[in-house]
There are 2 protein chains.
Amino acid sequence: MTERLTTTSYAVLAQVAVHPWSTYELAQQRVRYFRYVWPRAESAIYREVKRLSSMGLLEGKKEHVGKRARTVYSITDKGREALRKWLATPVSPFAMDFEAMIRLFVAPLGTKDQIIATLQQVRGDAREMLRFSGQIKQEFLEGRAVTQDQVYIRALAVDFFISLLNMVEAWAERTLAEIESWDDLSPDGKNERALEKIRGLPVTPESVETTPVPPRAQLRPRRGERRA
Amino acid sequence: MTERLTTTSYAVLAQVAVHPWSTYELAQQRVRYFRYVWPRAESAIYREVKRLSSMGLLEGKKEHVGKRARTVYSITDKGREALRKWLATPVSPFAMDFEAMIRLFVAPLGTKDQIIATLQQVRGDAREMLRFSGQIKQEFLEGRAVTQDQVYIRALAVDFFISLLNMVEAWAERTLAEIESWDDLSPDGKNERALEKIRGLPVTPESVETTPVPPRAQLRPRRGERRA
DNA sequence: GGGCTATACTCCAATTTAGAGCAAAATATG
DNA sequence: CATATTTTGCTCTAAATTGGAGTATAGCCC
């Protein structure tokens, strides 16, 4: 048990800051909070609350439902202080896990149907998450969200998700349309059209340098706060 | 050393399928290929090529530069076959690590300057990656990309990235504008406006059910191919 | 010939993950 | 009302993964 706080620690602290939770609820309700921005194993949450509580950043109270015990955690002043300090440090850059891209890359090895199925999955996932976002939106509009008093902040996050998901959905849609218009997955006669497509993609023109340097963003630590 | 192939295995196979690479190049050039869709530790790549090679999916040839040995890997037919089989299985859903969202969530604990700095980082990261995407775009337009013969597929991926990055950049931009227009980070009088903002967010209307079920997308395995 | 950086890895401790287990409570089913 | 199933509320562990330290040669530049 190290004393080092990771982003996962702060995610748990942030969620508990909303109001007290039992560990089980905390693990379940992550969906509503940070499942989509900081997905971690369930067992990691159970481990984390213990750690944070032993460090005095959370306070655990044992409760009983019949014979079965459960622990309800609340954030302490020290915990809030830790969050405050964290806010002054640099953020780690965003990253994705997007397996479908790797499949697209090697798509010509497989069949047209296979890559279409993959893209339909992506589109389906985006739509499902959009439906979920729609529920969150409704909760706020109807004034029944748990963090109703924080709409002014939450709105910014909801905006992000809906934009992201709409973008993914739209991309999957137009990519499906493109691929469905093909006879097969061979390159025959498709590259000309593709170059036109690429030419049209909007990259802010300023400084398309030739230095093939990987973006510096990648040099800041990605997960924990390990220092060099 | 298990025999199980993970998405990381397929990412390496996919990259080697382009042309033979030395392990070092492979690890370095991941930026160009799957760094942004499947970011993994460098040491994982070194481990993976050995594993794949012991399984006969890659073939390693020792070369010498003076006294120093290096291994150049090429994909085997068996390796291509593995990729082909993989394409028939279901994709794992996309996921993000986006620490800035957690910070936004607890932003009122900190200062306005802090959350502004965080959002500027996000915008900066997006811009940097956009610049990198711009270089890729240029490579294709000038016909000097390594996978020039695959533009018709690559264009679809480049489209995705540029859309994603522009979306992130635009979101960061408008969120910064919003926050900069505030006097402070207190909720005072901001929630009305926020509700209007939320109301305007485009969620496809079909079926905004009230069942607060977490999207099924999350139930498919995220990383490896573990079966239930 | 000294210093620096790039190449080319290996190794390892510390985390982190996915999932198996276990037990009690609540709910459904016959 | 007896029994089966599901949900709650966790703990434990093997296996995988990570970030970094370490080692060593090569090739430049001054």
Side-chain angles (χ1 to χ4, degrees), chain A residues 1-9 11-12 20-30 35 38-51 53 60-73 92 95 97 212-214 218-228, chain B residues 1-9 11-12 20-30 35 38-54 60-73 92 95 97 212-214 218-228:
Chain A
M1 274 230 233
T2 345
E3 293 284 295
R4 246 191 67 249
L5 294 176
T6 65
T7 302
T8 307
S9 320
V12 170
W21 306 82
S22 79
T23 328
Y24 185 75
E25 287 172 314
L26 205 53
Q28 301 299 303
Q29 289 299 307
R30 281 198 96 237
R35 181 72 161 88
W38 205 257
R40 291 300 178 268
E42 207 188 289
S43 55
I45 309 301
Y46 280 93
R47 195 181 340 107
E48 202 60 36
V49 282
K50 282 195 204 161
R51 229 167 62 92
S53 144
K61 272 214 175 85
K62 286 254 172 191
E63 287 187 0
H64 280 274
V65 187
K67 268 195 200 174
R68 194 169 45 194
R70 65 181 210 153
T71 317
V72 176
Y73 289 96
S92 70
D97 275 7
V213 192
Q218 297 305 320
L219 302 179
R220 262 180 294 139
R222 274 205 327 117
R223 300 205 160 194
E225 251 67 317
R226 307 274 170 102
R227 38 209 83 272
Chain B
M1 272 229 235
T2 345
E3 292 285 295
R4 244 191 69 249
L5 294 176
T6 65
T7 301
T8 307
S9 319
V12 170
W21 304 82
S22 79
T23 329
Y24 185 74
E25 287 172 314
L26 205 52
Q28 300 300 302
Q29 289 300 306
R30 280 199 95 237
R35 182 73 161 87
W38 205 256
R40 291 300 177 268
E42 209 189 288
S43 54
I45 309 302
Y46 281 93
R47 194 185 341 107
E48 203 58 40
V49 282
K50 281 195 206 161
R51 228 168 62 93
L52 292 173
S53 145
S54 83
K61 271 213 177 87
K62 287 255 174 193
E63 287 188 359
H64 280 274
V65 187
K67 267 196 200 171
R68 194 169 47 195
R70 66 180 209 154
T71 317
V72 175
Y73 290 96
S92 71
D97 276 7
V213 192
Q218 297 306 321
L219 302 179
R220 263 179 295 138
R222 275 206 327 115
R223 299 203 161 196
E225 253 65 320
R226 307 276 168 98
R227 38 210 83 271

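All values derive from a computational prediction rather than experimental measurement. Just so you know, these numbers use all the heavy atoms, side chains as well, and skip hydrogens, waters and symmetry mates. Lettering of chains follows the sequences in order, A, B, ..., and the numbering in each one begins at 1.
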Please report the distance, rounded to the nearest Å, between [atom1] in [X] and [atom2] in [N].
{"X": "B:Arg47", "N": "C:dA13", "atom1": "CZ", "atom2": "P", "result": "15 Å"}
{"X": "B:Tyr46", "N": "C:dT7", "atom1": "OH", "atom2": "P", "result": "10 Å"}
{"X": "A:Glu42", "N": "D:dC12", "atom1": "CD", "atom2": "P", "result": "16 Å"}
{"X": "A:Glu63", "N": "D:dG9", "atom1": "CD", "atom2": "P", "result": "9 Å"}
{"X": "A:Arg4", "N": "C:dA13", "atom1": "CZ", "atom2": "C1'", "result": "13 Å"}
{"X": "B:Tyr73", "N": "C:dC9", "atom1": "OH", "atom2": "P", "result": "7 Å"}
{"X": "B:Arg51", "N": "C:dC9", "atom1": "CZ", "atom2": "C1'", "result": "19 Å"}
{"X": "B:Lys61", "N": "C:dC9", "atom1": "NZ", "atom2": "P", "result": "15 Å"}

In Å, rounded to the nearest 0.5 Å, how long is the span from OG1 of B:Thr6 to CZ of B:Arg40?
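Answer rounded to 0.5 Å: 8.0 Å.
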Applying side chain to side chain donor-acceptor pair (under 3.5 Å), can you list everything that pairs with [X], at least two apart in sequence or on another chain?
{"X": "A:Glu25", "answer": "A:Ser22"}
{"X": "B:Thr8", "answer": "B:Trp38"}
{"X": "A:Gln29", "answer": "none"}

So does A:Lys50 get a side-chain nitrogen or oxygen closer than 4.0 Å to the phosphate oxygens (OP1/OP2) of D:dT11?
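True: A:Lys50 side-chain N/O within range (under 4.0 Å) of D:dT11 OP1/OP2.
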Look at the side-chain N and O atoms of B:Arg40 and state whether any lies under 4.0 Å from the OP1 or OP2 oxygen of D:dT18.
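Answer is yes, contact under 4.0 Å.
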For a 4.5 angstrom cut-off between non-hydrogen side-chain atoms, does B:Leu5 reach B:Leu52?
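They are in contact (side-chain heavy atoms under 4.5 Å apart), so the answer is yes.
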Below 3.5 Å between N/O atoms, which protein atoms pair up with nucleotides 22-25 of chain C? Just atom names and distances, please.
residue : atom : partner : partner atom : Å
C:dA24  : N3   : A:Arg68 : NH1          : 2.6
C:dA25  : OP1  : A:Lys67 : N            : 2.3
C:dA25  : O4'  : A:Arg68 : NH2          : 3.3

What residues form a side chain to side chain contact (heavy atoms under 4.5 Å, CB included) with A:Thr23, not counting sequence neighbours?
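Here the qualifying residues are A:Tyr46, A:Val49, A:Thr71, A:Tyr73.
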Select base, sugar-phosphate, or nothing to describe what A:Ser43 touches, counting heavy atoms under 4.0 Å on all strands.
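If one applies the 4.0 Å heavy-atom cut-off, A:Ser43 turns out to touch a base.
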Students often get this wrong, so: under 4.0 angstrom with heavy atoms, is B:Thr71 touching a base, only sugar-phosphate, or nothing?
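Result for B:Thr71 = sugar-phosphate.
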Helical bend (five base pairs per end, nearest 10°) for the helix from C:dG1-D:dC30 to C:dG30-D:dC1:
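End axes: 30° apart.
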For A:Arg70, what residues pass the salt bridge (Lys or Arg N to Asp or Glu O under 4.0 Å) criterion, not counting sequence neighbours?
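Per chain and number, A:Arg70 pairs via salt bridge (Lys or Arg N to Asp or Glu O under 4.0 Å) with A:Glu63.
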Does B:Pro39 offer a backbone N or O that forms a donor-acceptor pair with the side chain of B:Arg30 under 3.5 Å?
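No; zero donor-acceptor contacts below 3.5 Å.
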Check A:Pro20 against A:Val72 and note the closest heavy-atom contact, atom names and distance.
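Nearest heavy atoms, A:Pro20 then A:Val72: CB-CG1, 3.9 Å.
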Residue pair B:Lys67 / B:His64: nearest heavy atoms and the distance that separates them
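Heavy-atom minimum between the residues: O-ND1, 3.9 Å.
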Positions of residues 22-29 of chain B (non-hydrogen atom under 4.0 Å from DNA chain D), listed by number:
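Under 4.0 Å from DNA chain D: no residue of residues 22-29 of chain B.
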